[in-house]
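What follows is a short report on a single structure.
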2 protein chains.
Amino acid sequence: MRKLKESRRPEIIDAALAVAADRGLDALSMRAVAQRVGVTPMALYGYFRTKDELLEAVVGRLLEEIPPAPPGLGWREMLQHLAYGLRSVAGRYPAVLPVLLTRPAVSPGAIRVVDVVYRALLDAGVPHGQVARLERMFSTLAIGHILSEMSGRFGAGTLDPPARRAQLSPESLPGHHTLGAHLDQPVDWDDEFTANLRDMCDLAAALAAADTNPQATH
Amino acid sequence: MRKLKESRRPEIIDAALAVAADRGLDALSMRAVAQRVGVTPMALYGYFRTKDELLEAVVGRLLEEIPPAPPGLGWREMLQHLAYGLRSVAGRYPAVLPVLLTRPAVSPGAIRVVDVVYRALLDAGVPHGQVARLERMFSTLAIGHILSEMSGRFGAGTLDPPARRAQLSPESLPGHHTLGAHLDQPVDWDDEFTANLRDMCDLAAALAAADTNPQATH
DNA sequence: ACCTGAACACCGTTCAAGT
DNA sequence: ACCTGAACACCGTTCAAGT
């Protein structure tokens with residue numbers, strides 16, 4: 001439980017982002033970061049207790065790179081601005097995405113982002129007791145979508161969809177069969193991200209409406 | 001591009017699940033799986049070209065462990081059954097979760113699960129052109145929630161929330177300040193998972209309603 | 001047809017020592 | 001106060017060889 005040094009922390013975090021940006025997730029090692037800083041791997045352990053702790057700090061810095069929202073935006077625009085900002089920052093450092101979805105928001109930068117979402121949902125009129133849940137839902141969906149998209153879960157598989165489906169008997173996949181040609185069209189992930197955001201905002205609005213007018217729930 | 005052997009694939013996949021189940025993600029190595037099978041690490045490469053390919057097969061098998069839905073369920077119950085099933089299977093093999101969110105659904109088991117969701121959304125009356133997007137949204141949220149919860153993103157951080165927030169000036173976090181005590185209450189992740197599912201189903205119902213009655217969108 | 005052994009180029013982290 | 005060097009116990013994967 002030694003006390004950690006502070007002086008060169010920002011320099012090390014920058015080096016980690018640089019490694020992630022131009023050599024990917026698998027290359028983001030303590031050894032690579034150390035080399036970029038110009039120091040022995042063991043020197044990093046004076047600043048971060050473990051690699052996990054370094055990654056946590058990296059996520060915080062990444063979130064701080066999201067441009068601040070211009071003043072006077074409505075709550076939907078605030079959430080959109082944040083989500084698009086996250087998406088473009090993540091595009092620059094895709095290696096850090098899995099960390100975003102598995103580590104808690106403990107750094108100041110991360111907490112500030114959470115606060116922006118809280119404010120937007122409060123503005124939308126979401127009941128106080130549901131704001132935290134909706135923030136988690138919103139962030140899970142946003143990060144999960146970006147991660148799925150960038151890691152190839154959503155497409156660009158090794159087999160094209162029609163050939164892949166042909167491996168299974170058509171009657172065992174009635175859903176795929178009914179949708180047919182709809183499944184073979186290429187998808188614009190930008191549009192899909194936007195549509196998902198719109199749906200999440202509609203959901204927040206519906207929860208707000210159900211609160212002021214309980215009969216409206218059904 | 002050698003041809004792969006088939007004979008012992010199931011045995012190897014089982015061994016991988018067993019390692020994941022009782023020694024966790026970090027221990028899920030080719031060497032550990034090989035040892036469990038009783039074979040040299042290099043023998044595995046006769047059955048899977050890379051570790052990634054093995055993990056893909058493991059995910060397929062994991063999805064096949066979700067119990068099939070009893071007949072006669074409504075579409076909401078089908079989606080709930082599937083989501084709860086995924087959650088409990090994932091609880092048995094938490095090591096495999098990150099793979100679920102980053103690899104495409106290419107195995108027969110994975111495609112069958114997607115088909116169940118397609119069928120449910122079609123039953124709900126979601127327009128054909130939106131079914132695939134909603135399936136991706138649903139799976140992203142479900143897997144993302146389970147992963148966030150099990151990896152500790154949602155809580156159990158190193159600092160308790162009030163102490164953590166105290167590190168920042170209260171006026172820089174107006175959202176947290178407004179929510180106050182709401183943020184200090186413990187959360188039941190089971191309830192939250194259920195609430196998120198309900199919201200997703202409501203969303204599907206709303207999209208279905210907007211389709212049959214366009215004026216109802218606003 | 002199936003498997004092994006040795007090797008290559010890596011990991012995160014501990015510990016004791018150096019300036 | 002800050003950093004280094006050597007070591008430990010691991011990785012995924014290639015290649016040539018063995019039965």
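Naming: A, B, ... by sequence-line order, numbering from 1 per chain.
- Atom P of dA9(C) sits at a distance of 22 Å from the matching atom of dC10(D), rounded to the whole Å.
- For Pro41(A), counting side-chain heavy atoms from C-beta on, the closest listed nucleotide (dT13(C), dT4(D), dT4(C)) is dT13(C).
- For the OP1/OP2 pair of dC3(C) and a distance below 4.0 Å, the side-chain nitrogens and oxygens of Tyr47(B) include at least one atom meeting the criterion.
- In terms of phosphate contacts, Lys5(B) brings no side-chain nitrogen or oxygen within less than 4.0 Å of OP1 or OP2 of dC2(C).
- With Leu100(B) as the partner, the side chain to side chain contact (heavy atoms under 4.5 Å, CB included) test is satisfied by one option alone out of Ile146(B), Leu147(B), Leu63(B): Leu63(B).
- Using a 3.5 Å distance cut-off with no hydrogens or angles, the side chains of Thr50(B) and Tyr45(B) do not pair a donor with an acceptor.
- Comparing atom distances between the Lys51(A) side chain and each of dT13(C), dC15(D), dC2(C) picks out dT13(C) as nearest.
- The CG atom of Leu203(B) sits 12.5 Å away from the CZ atom of Arg198(B) when rounded to the nearest 0.5 Å.
- Nucleotide dC15(D) holds its P atom 15 Å from the CZ atom of Arg49(B), rounded to whole Å.
- The side chain of Arg8(A) contributes an N or O atom lying less than 4.0 Å from OP1 or OP2 of dC3(D).
- Under the side chain to side chain contact (heavy atoms under 4.5 Å, CB included) rule, Leu55(A) has a single partner from Val99(A), Val96(A), Ile13(A), which is Val99(A).
- Counting only heavy atoms from C-beta on, Thr50(B) has its side chain closest to dT13(D) among dT13(C), dC2(D), dT13(D).
- Contact check of residues 23-37 of chain A against DNA chain C (heavy atom, cut-off under 4.0 Å) returns Ser29(A), Met30(A), Arg31(A).
- Leu55(A) has its CG atom 12 Å from the C1' atom of dG12(C), to the nearest Å.
- Figure legend. dC11(D) is base-paired to no nucleotide; pairs are counted as Watson-Crick or G-U wobble with both atom distances under 3.5 Å.
- A 3.5 Å limit on both hydrogen-bonding distances identifies dT19(C) as the Watson-Crick or G-U partner of dA1(D).
- The nearest whole Å value for the distance from the CD atom in Glu53(B) to the C1' atom in dG12(D) is 14 Å.
- Between Arg9(B) atom CZ and dC2(C) atom P the separation is 13 Å, expressed in whole Å.
- Distance CD (Glu6(B)) to P (dA1(C)): 15 Å, rounded to an integer number of Å.
- Between the side chains of Arg103(B) and Ser151(A), no donor-acceptor pair of N or O atoms lies under 3.5 Å.
- Here the CD-CG distance, from Glu192(A) to Leu134(B), works out to 9.0 Å after rounding to the nearest 0.5 Å.
- When rounded to the nearest whole Å, the span between CZ of Phe48(B) and C1' of dC2(C) equals 15 Å.
- The CG-P distance, from Leu44(B) to dC2(C), rounds to 14 Å in whole Å.
- At least one side-chain heavy atom of Asp190(B) sits less than 4.5 Å from a side-chain heavy atom of Arg87(B).
- The OH atom of Tyr45(A) sits 17 Å away from the P atom of dG5(D) (whole-angstrom rounding).
- Proximity note for Met42(B) (side chain, C-beta onward) versus dA6(D), dG5(C), dC3(C): the nearest is dG5(C).
- Under the 4.0 Å criterion applied to side-chain N and carboxylate O atoms, Arg119(A) and Asp123(A) are not assigned as salt-bridge partners.
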